[in-house]
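Data block below; observations after.
Only this structure's heavy atoms are used, side chains among them; waters, hydrogens and symmetry mates stay out. Chain letters run A, B, ... following the sequence lines, proteins first, then strands; residues in each count from 1.
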Protein chains: 2
Amino acid sequence: MTETATLAARYTISMNQLPVLTAAPMGLRERRRRDTLREVSNAAIELFERNGVTETTVDDIAETAGISQRTFFRYYSTKEQAVCACDVGLGTVMERAVAAIRAGAPVVAALEDAWMRLFDELDASPEEHRRTLRVRRLVQSEPTLLARTLANEAERIEELTAAAVDAAGPGIDVLTARALFTVISTTTRLAFDEWARRVEKGADASVRDIYLDLRRGLGTYAKHLTDDLR
Amino acid sequence: MTETATLAARYTISMNQLPVLTAAPMGLRERRRRDTLREVSNAAIELFERNGVTETTVDDIAETAGISQRTFFRYYSTKEQAVCACDVGLGTVMERAVAAIRAGAPVVAALEDAWMRLFDELDASPEEHRRTLRVRRLVQSEPTLLARTLANEAERIEELTAAAVDAAGPGIDVLTARALFTVISTTTRLAFDEWARRVEKGADASVRDIYLDLRRGLGTYAKHLTDDLR
DNA sequence: TGCCAAAGTGGCAGTCTCTGTCATATAATT
DNA sequence: AATTATATGACAGAGACTGCCACTTTGGCA
């Protein structure tokens, strides 16, 4: 791999890596980078909503955001990523969950707490709230965005699993840990979807409540899971 | 949409639709089609294993399979699909699960039974067994294949959910049903992954047993899920 | 303050994926 | 055997993405 490639990789959003909590000095460079990330993402959302993903070209997005196509690809690896990468504050959730796990918290609680905090923060910020809703709607209606979202989710789960192994030592039941992370992530995604659906219908809904409902529903069924099958 | 597009769609594997159980007369045409599907898939597996997905072009696969690039795309919509589409006998599982659900079986049991039957059939057919192993290994090591697999999985879950709603009427708890299907599908996938890992290490493992272990493990944790969070 | 190295940007060429179209060939139907 | 429905390959063309290079901007640092 060439040096150029390495540098590019460092600066391309391959999954989700907005350093939300890093309170570094952040010079002009970093500030502009974030602004551009945001602008490009907004342009993508806008165009996807208006014309659909397939009808929207990278050139369209780049032009709307006022950058060249070449530069677009330095910010997002695909047009789908422009919408999916920072999709809700995933970066924050991951950081908190990993931190909690490394601090010795039970894995399920660590991840669930991190999500709960995000839910609350979303409720507190009307702007993020609205943006998240638009993104979820898009992801629901556009298969290519869903595909990208699921891939990102899988990547996050692997990170979490790695963190858990790292924190708890190799004695941990990796398989079950991975399964639990997956179930929680999935449930969260379904909760967001349902939330988007309800808001769409005019009802006002809370992601948190939907998640808890879903959780309870799963629990009811799961009580039988320790029984043998057949 | 033009007529050509419609026809093409009918004949392109967009997810997984090998009509495994259709005992129709099956003329020469259909037989050849299946042979080609298989050959192309084999070529893809072979080349992906040898050179990796990104290093393998559609032209490479097409040439190896002895068809033109244009024809390749009439069989599979992307090079990833050539490996992921018929990935284990998903078609069979889906058909059986949907049939059972329409016949009034409980949704969880319907899907789990269908998977169990596939596990057993895999154990009974060394060839399919081996092929499945190669595919799972590839999917594990190649992110683009994983992405495709997850997207296919999501598509299947929607089909199942639709079948459940259709069979049980709109009174059903769609949200929970979708969640249960997702959890089962996910668990199955993780079981296959673990199975591939173990076989890799020389241990001989059974997907069925791993699935049941995982199921029990989840059940143990899930007993607490009906308790309120915090 | 002024200079230098590091980093960001745009343009261009080139590869690869994927689709529409059409002429040709092969199976299915009657 | 004649007709029709499908499959195939070749070609053209759009769009996604990458490497490369010239040029500009930013962030220290003397």
Exercise. Can you pull the ring-ring contact (aromatic ring centres under 6.0 Å, His included) pairs that have at least one residue in residues 39-62 of chain B, sequence neighbours excluded?
Worked result: none

For this session: Sequence neighbours left out, what passes side chain to side chain donor-acceptor pair (under 3.5 Å) with B:R198? Give chain and number order.
Result: B:E194

Problem set entry | Non-neighbouring partners of B:T54 that pass side chain to side chain contact (heavy atoms under 4.5 Å, CB included), sequence neighbours left out | none

For this session: Side chain of B:R74 only, please: which of C:dT17, C:dC22, C:dG10 is the nearest?
Result: C:dC22

Exercise. Who passes salt bridge (charged side-chain N to carboxylate O under 4.0 Å, His left out) against B:R102, sequence neighbours left out?
Worked result: B:D166

For this session: Return the nearest nucleotide to the side chain of A:Y75; candidates are C:dG8, D:dA10, D:dT18.
Result: C:dG8

Problem set entry | Non-neighbouring partners of B:E63 that pass salt bridge (charged side-chain N to carboxylate O under 4.0 Å, His left out), sequence neighbours left out | none

For nucleotides 2-4 of chain D, which of its nitrogen or oxygen atoms have a protein nitrogen or oxygen under 3.5 Å away, and what is each distance?
none

Exercise. With sequence neighbours excluded, what pairs up with B:T188 under the side chain to side chain donor-acceptor pair (under 3.5 Å) test?
Worked result: none

Seminar exercise, completed: Numerically ordered, the residues 43-69 of chain B set in heavy-atom contact under 4.0 Å with DNA chain D is B:I67, B:S68

Seminar exercise, completed: With sequence neighbours left out, the residues meeting side chain to side chain donor-acceptor pair (under 3.5 Å) with A:T57 are A:D60

Might you list the N or O atoms of the protein lying below 3.5 Å from N or O atoms in nucleotides 28-30 of chain C, with each pair's distance?
{"unit_1": "C:dA28", "atom_1": "OP1", "unit_2": "B:L28", "atom_2": "N", "d": "3.0"}
{"unit_1": "C:dA28", "atom_1": "OP1", "unit_2": "B:R29", "atom_2": "N", "d": "3.2"}

Problem set entry | B:R29: partners by side chain to side chain contact (heavy atoms under 4.5 Å, CB included), with sequence neighbours left out | none

Problem set entry | Which residues share a salt bridge (charged side-chain N to carboxylate O under 4.0 Å, His left out) with B:R131, sequence neighbours left out | none

